[in-house]
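These numbers come from a predicted model, not from an experiment. Hydrogens, waters and symmetry mates are skipped; everything else that's a heavy atom, side chains included, is used. The first residue of the sequence shown is numbered 1, and numbering continues consecutively from there.
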Amino acid sequence: CWVCLVVGCDITDFHKKYYFLWKSVISQAIADTSNKGKKTESSVIKRKAITWFSGLNQDFVYTCTLANYDPAYVKKKVEPIIARNKKEFP
């Protein structure tokens with residue numbers, strides 16, 4: 001990784017932290033699909049998260065790649081969660 005070469009970090013440690021950051025983004029999006037808040041903002045967050053996972057759009061694919069995940073695998077694993085949470089969506 002060019003960043004590790006420039007700043008002299010431990011490549012393994014740097015990549016672990018980097019992947020963890022992007023895995024956290026995906027985890028938060030999963031949590032957002034379960035948002036049960038009553039405010040309009042909560043509803044918007046939930047709808048955006050569900051939409052983000054529903055297709056293989058460029059942003060979703062790129063985020064999965066940054067997390068070192070296969071986008072199709074993530075989508076397959078998240079689909080049952082989304083299906084359950086869509087039932088609760090007004």
Side-chain angles (χ1 to χ4, degrees):
C1 159
W2 68 270
V3 174
C4 294
L5 295 173
V6 172
V7 298
C9 65
D10 176 5
I11 292 174
T12 304
D13 187 51
F14 175 79
H15 286 105
K16 284 181 183 177
K17 290 176 182 176
Y18 182 81
Y19 294 143
F20 181 78
L21 169 69
W22 289 104
K23 288 174 183 182
S24 297
V25 171
I26 295 168
S27 294
Q28 183 59 53
I30 292 169
D32 288 347
T33 68
S34 302
N35 193 324
K36 297 191 184 335
K38 301 292 183 194
K39 294 183 180 178
T40 302
E41 181 182 351
S42 297
S43 179
V44 170
I45 290 169
K46 183 173 185 170
R47 186 179 310 274
K48 284 183 178 182
I50 290 171
T51 301
W52 190 67
F53 281 113
S54 295
L56 289 175
N57 66 60
Q58 184 178 0
D59 183 47
F60 174 75
V61 171
Y62 189 57
T63 302
C64 289
T65 303
L66 292 173
N68 201 29
Y69 282 151
D70 174 38
Y73 177 81
V74 172
K75 186 176 186 309
K76 180 181 174 185
K77 290 295 187 178
V78 172
E79 282 177 343
I81 298 168
I82 290 173
R84 183 174 58 244
N85 291 326
K86 273 187 172 179
K87 291 177 185 175
E88 301 168 3
F89 199 65

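- Here the OG1-NZ distance, from T51 to K46, works out to 12.0 Å after rounding to the nearest 0.5 Å.
- At least one side-chain heavy atom of T63 sits under 4.5 Å from a side-chain heavy atom of W52.
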Taking distance alone, no hydrogens or angles, what donor-acceptor pairs closer than 3.5 Å link side-chain atoms of residues 66-79 to residues at least two apart or in another chain?
from	atom 1	to	atom 2	distance (Å)
D70	OD2	Y73	N	3.3
K75	NZ	S54	O	3.4
K75	NZ	E79	OE2	2.8

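- When all heavy atoms of N57 and F60 are compared, the closest pair comes out as OD1-N, 2.8 Å.
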Contacts table for residues 18-27: side-chain donor-acceptor under 3.5 angstrom, sequence neighbours left out:
from	atom 1	to	atom 2	distance (Å)
S24	OG	F20	O	2.8
S27	OG	K23	O	3.1

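- Placement of I82 and V61 within a single hydrophobic cluster is found when ILVMFWY residues are connected by side-chain heavy-atom separations under 4.5 Å, directly or transitively.
- Atom CG of residue N35 and atom CD1 of residue I50 lie 9.5 Å apart, to the nearest 0.5 angstrom.
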